[in-house]
Structures are given as C-alpha cells and as structure tokens.
Amino acid sequence: MNSTTSLVMNLDRGPLSKDEMAAIVARDIPHGSYVNLGIGQPTLVADHLPEGAGVVLHTENGMLNMGPAAKPGQVDPDLTNAGKIPVTELPGASYFHHADSFAMMRGGHLDICVLGAFQVSAAGDLANWHTGAPDAIPAVGGAMDLAIGAKKVFVMMTLFAKDGSPKLVPECSYPLTGLGCVDRVYTDLATFRVGPEGATVLETFGITYDDLATRLDVPLAPANGAGTLPTGPS
C-alpha cells in the first residue's frame, strides 16, 4: 500500500494519526536505504513506502527486504516482524540467524532505524525501554544495539504522554537507551531535529511554532530562522 501522497496533502491539520506520522517518516527515508523499523508505531512505516523507493527493510528477528504488513489472505505464520506482526516479503528477501541480524545492527550496516520512545532529550538522548516505575516491565529488545549501530536514528512518538507531560524534554528522567543517538523526532504535532545544538522545529501540524514553544520546556529554534513557522510541510 502507498498512501503517502494522499496523507501528505492533509498536513495543514493536526494532530496527525499514527498512519500520517508513518507517512511523513516514509517520505524522509532516502532512496536505497537499509532501514530497521522498531516494534510498535514504527512498523507502520512499511505500509507507506512508495513502490520503487528501493528501501530495504531489516528485522532483528532475521529478515531482509521485508514488505508491508500482511492483509487477510496473505498471512504466512513463518513471516513476522520483530513485533510478531505478520508481514509480507519482497522479491529477493532473505532470512538468517538472529545472531547474524544483530551483527548487521551492531556493525553499522543500517542507514536508519525508526524507534518508539518514552522520552527524547533536546540533545538526542533516547529513553525507550523502561519508565522506571516499580511495576513496569522493561523491554529493551534490540533498541540499544540499533541506537548505537544505525547511522541515523529516527524516533516516532506522540509529543505528549496521556497525562499531558511532554516527551521531548531538556533531559530524560527515564533510564537511558543511548546518549546523543537520535537525529530526528517525528510526532503528531511537529517534526524536530535534535542534537548537540538542541531542538529545531522542521514542520508543524495543526499548531503554530509559537504555541508549540509555550507547551514545551525545551528551547526551540525554527528551521527557517524566523520567529514563527507555518503549519504543514516546510
């Protein structure tokens, strides 16, 4: 399925749905990239990569050139992603041992990984495996390997938690997955570039730059250097 074009045309409104967020991430993945999609929301990106994108999807459970999620009638119980979701395979798909898959991740062979997160700091620190709550079940999976092994790390998450607290923060209060590893943060209200120079707003969805700045504790810079940033794609 390729619904990227129809979704991008409606980005003057917000907040974005999960599929709309996934479409924005898919739009920004360069042609020919080798990409790992993390468990949860990031798996939706596979459904929005256009035909001919040349993007090769890798799963940590041992599959290369994964296709979109399987539709009814396409389900093969032997074809799943790391989140146990039935997927399809594209021509040339290959399968390998779990250890070989992690060697790919740790060896710098992935151009991009897309991960979910509980928190991301303005400096690009990532917290996505544990909230620190006593009754929480930690789930690190391969996130630490991906965070340090991929050439670029994209995070896909809602900007605010259910209690209204922001997930883009000055410093992470949850246990860290990696330091300074995140390059971009894709949310339902805005897309950010993060790193040593702090957080830069690349585009907003249904909210103005000024309103966004008042809701976050993180100093923000607009990508165009101006004091306001229009909603919709930049």
Side-chain angles (χ1 to χ4, degrees), residues 7-8 11 14-30 33 35-45 48 110-129 131 143-144 146-224 229 231-234:
L7 288 171
V8 170
L11 294 184
L16 302 183
S17 68
K18 293 178 182 179
D19 273 296
E20 288 171 326
M21 290 165 60
I24 296 297
V25 177
R27 177 201 67 186
D28 290 349
I29 295 176
S33 298
V35 179
N36 180 284
L37 302 178
I39 295 171
Q41 293 184 21
T43 61
L44 295 173
V45 174
H48 297 282
L110 295 176
D111 297 302
I112 296 171
C113 71
V114 185
L115 298 171
F118 296 128
Q119 289 178 332
V120 176
S121 78
D125 301 333
L126 172 66
N128 78 340
W129 71 280
T131 63
M144 291 182 178
L146 289 164
I148 65 169
K151 296 172 184 176
K152 287 186 178 296
V153 176
F154 292 173
V155 164
M156 180 178 166
M157 66 181 188
T158 56
L159 186 54
F160 297 95
K162 292 180 180 179
D163 63 2
S165 60
K167 296 182 182 180
L168 181 64
V169 294
E171 294 183 4
C172 295
S173 59
Y174 293 151
L176 290 176
T177 304
L179 285 169
C181 57
V182 179
D183 298 279
R184 287 195 182 187
V185 180
Y186 293 82
T187 78
D188 51 338
L189 292 173
T191 299
F192 305 87
R193 181 172 63 242
V194 294
E197 297 181 355
T200 298
V201 183
L202 301 179
E203 54 190 328
T204 61
F205 314 115
I207 188 172
T208 66
Y209 169 82
D210 296 320
D211 288 341
L212 189 66
T214 63
R215 297 185 62 184
L216 296 174
D217 296 327
V218 175
L220 300 176
N224 58 8
L229 188 73
T231 58
S234 56

Approximate separation, where rounding is to 0.5 Å, of [X] [atom1] and [Y] [atom2]:
{"X": "Met156", "Y": "Leu37", "atom1": "CE", "atom2": "CG", "result": "9.5 Å"}
{"X": "Leu220", "Y": "Thr204", "atom1": "CG", "atom2": "OG1", "result": "11.0 Å"}
{"X": "Ile148", "Y": "Cys113", "atom1": "CD1", "atom2": "SG", "result": "11.0 Å"}

Sequence neighbours excluded, every pair satisfying salt bridge (charged side-chain N to carboxylate O under 4.0 Å, His left out) that has a member inside residues 151-166: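 Every pair satisfying salt bridge (charged side-chain N to carboxylate O under 4.0 Å, His left out) with a residue in residues 151-166: Asp111-Lys151.
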* Check Val194, Val155, Val120, Leu126 against Cys181 for a side-chain contact (heavy atoms from CB on, under 4.5 Å) and give me the one that passes. =>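 Result for side-chain contact (heavy atoms from CB on, under 4.5 Å) with Cys181: Leu126.
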Sub-3.5 Å donor-acceptor pair from the side chain of [X] to the main-chain atoms of [Y], do we have one?
{"X": "Gln41", "Y": "Lys18", "value": "no"}
{"X": "Thr187", "Y": "Thr191", "value": "no"}
{"X": "Trp129", "Y": "Ala143", "value": "no"}
{"X": "Asp183", "Y": "Val153", "value": "yes"}

[X] versus [Y], closest heavy-atom pair with distance:
{"X": "Ala26", "Y": "His48", "answer": "CB-O, 3.5 Å"}
{"X": "Leu146", "Y": "Leu115", "answer": "CD1-CD2, 3.9 Å"}
{"X": "Leu189", "Y": "Pro15", "answer": "CD2-CB, 3.7 Å"}
{"X": "Leu159", "Y": "Asp188", "answer": "N-OD1, 3.0 Å"}
{"X": "Ala147", "Y": "Thr177", "answer": "CB-CG2, 4.5 Å"}
{"X": "Ala199", "Y": "Leu168", "answer": "CB-CD2, 4.4 Å"}

Given side chains that start at C-beta, do those of [X] and [Y] come closer than 4.5 Å, heavy atoms only?
{"X": "Leu212", "Y": "Asp210", "result": "no"}
{"X": "Val45", "Y": "Ile29", "result": "yes"}
{"X": "Arg215", "Y": "Phe160", "result": "yes"}
{"X": "Thr131", "Y": "Pro175", "result": "no"}
{"X": "Leu216", "Y": "Phe192", "result": "yes"}
{"X": "Glu171", "Y": "Asp125", "result": "no"}

Please determine, by modelled atom types, if Asp211 and Thr208 share a side-chain donor-acceptor pair under 3.5 angstrom.
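The criterion, which ignores hydrogens and geometry beyond distance, is satisfied for Thr208 and Asp211.
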With sequence neighbours left out, what residues match Arg184 under salt bridge (Lys or Arg N to Asp or Glu O under 4.0 Å)?
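Arg184 satisfies salt bridge (Lys or Arg N to Asp or Glu O under 4.0 Å) with Asp28 only.
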_Could you walk me through whether Gln119 and Asn128 satisfy the side-chain contact (heavy atoms from CB on, under 4.5 Å) test, starting with their C-alpha distance in whole Å, then the side-chain angles of each, then the deciding distance to 0.1 Å, before giving a yes or no?_
CA-CA 7 Å; Gln119 289 178 332; Asn128 78 340; over 6 Å; no
Please verify the inter-ring angle class for Tyr186 with Phe154; under 30° counts as parallel, over 60° as perpendicular, anything in between as tilted.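 The arrangement is tilted - the two ring planes meet at 30° to 60°.
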